[in-house]
Amino acid sequence: MIRMGYMEKSAVIFDLDGVIVSTDEYHYEAWKEISEQEDIPFNREINEKLRGVSRMESLDIILSNSTKSYSETEKLLLAERKNERYRELLNHLSAKDILPGVRELILNLKGREIKIAIGSSSKNTPFILEKIGLASSFDAIADGNAIKNSKPDPEVFLLAAERLGVRPEECIVMEDAEAGIEAAIAAGMKAVGIGAASNCPNAHIGVEDLTKLNIEQLLER
Ligand code: BG6
Ligand code: MG
């Protein structure tokens, strides 16, 4: 059946942290510990600015509140320490941490033969997907290991589209970060703002979580 207005071929690209899985608290805990050790002010408000941003850029945001200046080597060591602690915390991660509505949406999209990908700034993407049991659920993965420029640069989403074999304008991005919404728009894709990004002015629509998303309506627009 051909439905008027239905996107001829479409794909959905999911951000990982904060969209598929709730790793936010682990990132927060690990950065908080590093900040305390270095005597740098850190709080939830600063943490919000790290959403979607790469590890090294996140560190730069945190260090902008420090009175001390850090060499490149010191910065690499700090980022490594943060990641070690974060990976320790990630060991607690399981399928229980998959966010509401994710499984249902994946099944729904697969049923419609709509391709799905991950587009994440995280270098821990393979580890996280393994931990939550979704390692083989996606048709393509574009992550922090494969890109030079992190969100808001469109690189990760353009790579995901390329790996799926679809045009950027056929893609819908699910994002919880403002930087991710900007990246999707810059890639020429449709952006759905989720949770923290639900009120993002540049998102095509915003929802509290994926259980609230009307995917039929979105695909028909
Ligand atoms: C993003 C997170 O998904 O990945 C950021 O929202 C994080 O907070 C970034 O800094 C990089 O993650 P990782 O796992 O490579 O340190
Ligand atoms: Mg995110």
Side-chain angles (χ1 to χ4, degrees), residues 12-35 42-64 75-93 97-102 117-132 134 138 141-157 159-160 172-184 189 191-200 202-203 206-210:
V12 175
I13 306 175
F14 293 85
D15 169 50
L16 180 66
D17 295 306
V19 170
I20 296 281
V21 63
S22 57
T23 47
D24 307 40
E25 274 309 297
Y26 300 141
H27 274 298
Y28 173 74
E29 268 309 310
W31 281 129
K32 189 160 75 86
E33 284 183 30
I34 296 293
S35 304
F42 183 70
N43 54 34
R44 298 249 171 214
E45 204 184 319
I46 301 169
N47 189 56
E48 276 305 303
K49 296 184 188 156
L50 314 181
R51 237 176 238 281
V53 175
S54 75
R55 195 181 306 160
M56 291 310 287
E57 285 165 316
S58 297
L59 179 64
D60 281 336
I61 293 172
I62 291 169
L63 295 185
S64 69
K75 284 206 239 177
L76 285 170
L77 284 171
L78 280 183
E80 205 177 295
R81 248 163 67 199
K82 182 269 175 175
N83 196 50
E84 269 168 25
R85 182 63 185 126
Y86 177 55
R87 298 267 298 208
E88 253 171 51
L89 294 166
L90 284 182
N91 274 322
H92 301 289
L93 207 64
D97 297 288
I98 296 175
L99 285 162
V102 170
I118 290 286
S120 167
S121 303
S122 173
K123 294 187 172 178
N124 290 301
T125 297
F127 182 63
I128 294 171
L129 287 176
E130 197 64 49
K131 292 293 278 181
I132 60 176
L134 294 184
F138 296 88
I141 290 173
D143 68 14
N145 300 295
I147 53 161
K148 283 201 187 77
N149 308 297
S150 152
K151 302 167 189 177
D153 190 282
E155 188 178 347
V156 77
F157 293 140
L159 180 65
I172 301 170
V173 169
M174 305 289 166
E175 255 298 344
D176 72 313
E178 202 176 327
I181 300 286
E182 301 308 326
M189 300 176 179
V192 176
I194 297 157
S198 59
N199 293 320
C200 208
N202 289 333
V207 287
E208 194 187 315
D209 64 47
L210 284 176

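In what follows, residues are counted from 1 in the order of the sequence shown. Order of listing sets the numbers, starting from 1, for every ligand and every atom in it. Heavy atoms only: backbone and side chains are in, while hydrogens, waters and symmetry mates are out.
When the Mg ion (ligand 2) is compared with the N/O/S atoms of D176, atom OD1 turns out nearest. Nearest to the Mg ion (ligand 2), among the N, O or S atoms that D15 has, is OD2.
Here the heavy atom of the protein found nearest to atom 8 (O) of ligand 1 is L50 O, 2.9 Å. Protein heavy atom at the shortest distance from atom 3 (O) of ligand 1 is D17 OD2, 2.6 Å. Residue, atom and distance of the protein heavy atom nearest to atom 6 (O) of ligand 1 are G52 N, 2.8 Å.
Here the side chain of S58 pairs a donor or acceptor atom with the backbone of S54 at under 3.5 angstrom. Although no hydrogens or angles enter the test, the distance criterion places a donor-acceptor pair under 3.5 Å between the side chain of N145 and the main chain of K123.
Between D153 and K148 there is no salt bridge, since no side-chain nitrogen of the basic residue lies less than 4.0 Å from a carboxylate oxygen of the acidic one. Salt bridge D17/R51: absent, no basic N to carboxylate O contact under 4.0 Å.
By the criterion of a heavy-atom distance under 4.0 Å, the backbone of V53, and not its side chain, is placed next to ligand 1. Contact annotation for R55 and ligand 1: heavy atoms of both the backbone and the side chain come within less than 4.0 Å of the ligand. At a 4.0 Å heavy-atom cut-off, ligand 1 touches S122 through backbone and side chain alike.
With a cut-off of 2.8 Å, the Mg ion (ligand 2) has an N, O or S atom of D17 in range.
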